[in-house]
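Residue numbering restarts at 1 for every chain, and letters A, B, ... go by the order of the sequence lines. All values below come from the heavy atoms of this structure, side chains included, with hydrogens, waters and symmetry mates left out.
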There are 2 protein chains.
Amino acid sequence: MRTERGDWGLSRLARRASKSERQRLLQQLVREDPLLTDQMLARKLNVSVQTIRLDRLELGVPEMRARARQVVERVQGRVKSLGPAEVAGDLIDLELGVGGISILETTQEMAFAKTGIVRGHHLFAQGNSLAVAVIDAEVALTGSARLVFHRPVRVGDRVVAKATVKRVIGNKSIVRVESRVDGEKVFSATLTIFALDQQDLEAQKGGRQ
Amino acid sequence: MRTERGDWGLSRLARRASKSERQRLLQQLVREDPLLTDQMLARKLNVSVQTIRLDRLELGVPEMRARARQVVERVQGRVKSLGPAEVAGDLIDLELGVGGISILETTQEMAFAKTGIVRGHHLFAQGNSLAVAVIDAEVALTGSARLVFHRPVRVGDRVVAKATVKRVIGNKSIVRVESRVDGEKVFSATLTIFALDQQDLEAQKGGRQ
DNA sequence: TGCATCATTAGTAGCTGGTCCTAATAGCTT
DNA sequence: AAGCTATTAGGACCAGCTACTAATGATGCA
């Protein structure tokens with residue numbers, strides 16, 4: 001690499017690197033700071049703006065504004081939580097203290113735009129809502145849970161969740177939820193749910209457990 | 001051009017709102033999507049581009065490129081003046097492959113009407129989204145999770161979720177999420193997340209790695 | 001009724017950060 | 001000397017702005 005061609009090596013500013021070296025550097029620079037304009041890059045790499053443009057073209061590096069847009073879209077798209085009123089699925093069967101079934105029609109908004117795969121928390125939302133609904137108490141709160149996502153769910157899939165109360169120990173219930181698409185298991189969870197009276201709640205407002 | 005003043009009933013946005021209402025909407029729109037240009041806003045709000053410019057001037061809303069730049073800078077970690085009351089339910093810090101922080105402002109719709117306690121799956125949704133966002137891959141999917149709800153969260157609480165990548169084994173990452181309200185832990189989870197890197201997608205981006 | 005003020009729209013000039021194209025030049029290599 | 005690559009220059013054009021001037025219409029109000 002360092003076998004120079006010509007020895008104009010002692011330029012007054014930084015020595016100019018070879019083309020490939022410069023392009024490697026360019027990629028690194030824009031990765032570190034996507035907001036660098038061609039002009040800034042030209043100054044840093046000690047070449048003309050036109051050369052930077054040619055390099056970007058060759059490397060397929062998009063212009064600054066597009067790079068910024070990409071970052072924004074990535075951030076915005078990724079932190080999309082549950083929609084406002086969206087509480088998970090239609091109850092189609094419910095036997096208090098025993099079990100229940102709900103159905104969730106999946107839509108675009110629930111999925112990653114890129115892949116059409118439904119975000120995991122929507123499956124949990126369905127299961128959690130159902131599990132809480134199944135508990136025969138004034139107020140029921142989820143204490144802990146273990147989840148397994150067996151297979152991706154795609155937009156348009158109809159998810160059928162089935163909850164069964166496995167055990168009741170005092171005010172604590174263990175609920176098992178299994179969700180299926182076309183009979184195939186896609187999600188399962190075991191939840192610990194606490195049944196509370198209003199008094200318990202009042203007590204909790206002040207003190208910590 | 002538009003001689004009439006009373007064409008109510010077409011669409012919600014076809015009608016022209018009052019100036020203050022329009023400006024309120026404008027602020028909301030740019031907060032939801034910082035990449036909207038003046039032209040797009042003008043169409044959405046059914047006024048001219050010039051009116052949008054005047055509104056932005058009055059409201060101190062910066063131009064689109066500046067808004068994009070702000071988001072990028074915030075995400076890059078060169079946090080400027082992260083205002084306390086400003087962000088609601090979005091990402092405030094993100095370092096790919098390492099960790100991130102998001103804030104969720106809880107609302108009525110997220111809670112049980114009876115108790116004002118936020119439904120557990122919203123906390124998981126926040127944590128899950130954040131965990132997926134920190135993974136440095138084109139596509140990331142949650143494989144399994146263990147959740148603990150330490151204390152109920154009430155409507156109005158501001159939930160700060162912090163995610164940390166604990167371990168990476170092949171395409172599998174273990175991410176720990178802890179959510180707090182006023183410094184007190186309300187929720188925690190350990191998630192296993194799978195990174196699905198699509199080679200062709202990478203190649204399409206110009207050989208950047 | 002007339003006049004002032006506000007809201008909205010139109011249009012101009014100029015800026016940044018680009019794209020796309022044509023050319024010229026420098027420095028090898030054959 | 002001819003051919004090649006790399007680099008630089010310049011012009012025409014574009015989107016999305018800023019900053020300014022000006023016209024028009026509705027509204028208030030004395």
Side-chain angles (χ1 to χ4, degrees), chain A residues 1-27 29-73, chain B residues 1-8 13-27 29-30 33-73 205-206:
Chain A
M1 277 301 168
R2 215 109 293 264
T3 52
E4 331 277 1
R5 47 167 218 199
D7 65 349
W8 37 261
L10 290 170
S11 167
R12 52 196 164 92
L13 292 176
R15 195 181 71 249
R16 282 150 109 111
S18 73
K19 186 178 181 183
S20 55
E21 171 73 359
R22 184 188 63 230
Q23 295 193 338
R24 207 188 48 72
L25 259 168
L26 193 151
Q27 301 211 31
L29 284 170
V30 296
R31 199 170 44 232
E32 280 166 11
D33 184 356
L35 296 180
L36 288 170
T37 63
D38 286 359
Q39 205 185 93
M40 290 163 152
L41 287 165
R43 275 200 288 266
K44 273 183 200 274
L45 297 174
N46 197 31
V47 289
S48 70
V49 173
Q50 287 79 356
T51 302
I52 297 296
R53 310 252 224 247
L54 286 174
D55 283 348
R56 279 201 298 102
L57 204 69
E58 282 179 25
L59 298 168
V61 173
E63 62 167 291
M64 184 222 78
R65 291 181 290 234
R67 293 193 302 264
R69 209 163 47 230
Q70 279 175 9
V71 174
V72 174
E73 272 160 8
Chain B
M1 16 198 88
R2 210 171 347 257
T3 48
E4 350 235 325
R5 210 70 222 245
D7 37 349
W8 302 68
L13 289 173
R15 197 193 111 223
R16 280 157 111 105
S18 71
K19 187 180 180 185
S20 55
E21 171 73 359
R22 184 188 63 229
Q23 295 193 338
R24 204 186 49 71
L25 260 169
L26 193 154
Q27 303 216 41
L29 284 170
V30 297
D33 184 356
L35 296 179
L36 290 169
T37 64
D38 286 359
Q39 204 185 95
M40 290 162 150
L41 288 165
R43 275 200 287 267
K44 272 183 200 273
L45 298 174
N46 197 31
V47 289
S48 69
V49 173
Q50 287 78 356
T51 302
I52 296 295
R53 311 252 224 245
L54 285 175
D55 282 349
R56 280 202 297 100
L57 205 68
E58 283 179 25
L59 297 168
V61 173
E63 63 165 295
M64 185 222 76
R65 285 123 143 183
R67 293 194 301 265
R69 209 162 49 230
Q70 278 174 12
V71 174
V72 174
E73 274 161 4
K205 286 178 86 176

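Between the side chain of R65(A) and the base of dG18(C) there is no donor-acceptor pair of N/O atoms closer than 3.5 Å.
At a threshold of 4.5 Å between non-hydrogen side-chain atoms, the residues R22(A) and T51(A) count as touching. Inter-residue side-chain proximity for L45(B) and L29(B) is flagged as met; some heavy-atom pair is nearer than 4.5 Å. Residues I52(A) and V47(A) form a side-chain contact, since some pair of their non-hydrogen atoms from C-beta on lies under 4.5 Å apart. Considering only heavy atoms from C-beta on, P34(B) stays 4.5 Å or farther from Q70(B) through its side chain. Put simply, the side chain of V30(B) reaches to within 4.5 Å of the side chain of L41(B), judged on heavy atoms.
In terms of heavy atoms, L35(A) sits closest to M40(A) at O-SD, 4.3 Å.
Side-chain atoms of S48(A) lie closest to dA9(D) of the nucleotides dA9(D), dT18(D), dG17(C). The nucleotide whose nearest atom lies closest to any side-chain atom of R56(A) is, among dA10(C), dT19(C), dA9(D), dT19(C). Considering only side-chain atoms of E63(B), the nucleotide from dT8(C), dT8(D), dT18(D) that sits closest is dT18(D). Checking dG17(C), dT7(D), dT18(D) against the side-chain heavy atoms of M64(A) singles out dG17(C) as nearest.
Side-chain N or O atoms of R67(A) include one that pairs as donor or acceptor with a backbone N or O of L36(A) at under 3.5 Å.
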- In B/S/- notation, 5' to 3', how is nucleotides 20-26 of chain C contacted by protein heavy atoms closer than 4.0 Å? -------
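To the nearest angstrom, P of dT16(C) lies 17 Å from CG of L35(A). dA15(D) atom P lies 19 Å from atom CD1 of I52(B), rounded to whole Å. Distance CG (L45(A)) to C1' (dT7(D)): 14 Å, rounded to an integer number of Å. In this structure, NZ of K19(A) is placed 12 Å from C1' of dC4(D), rounded to the nearest angstrom. We find that CZ of R69(A) is positioned 12 Å from P of dC17(D), with the value rounded to whole Å. Distance L54(B) CG to dT21(D) C1': 13 Å, rounded to the nearest Å. Here the C1' atom of nucleotide dA9(D) and the CD atom of Q39(A) are 15 Å apart, to the nearest Å.
For the pair T51(B) and dT9(C), the criterion of a side-chain N or O lying under 4.0 Å from OP1 or OP2 is met.
For the pair L36(B) and D55(A), both in contact range of DNA chain D, the more 5′-proximal nearest nucleotide belongs to D55(A).
Using a 4.0 Å heavy-atom criterion, one finds that R67(B) contacts no nucleic acid atom at all.
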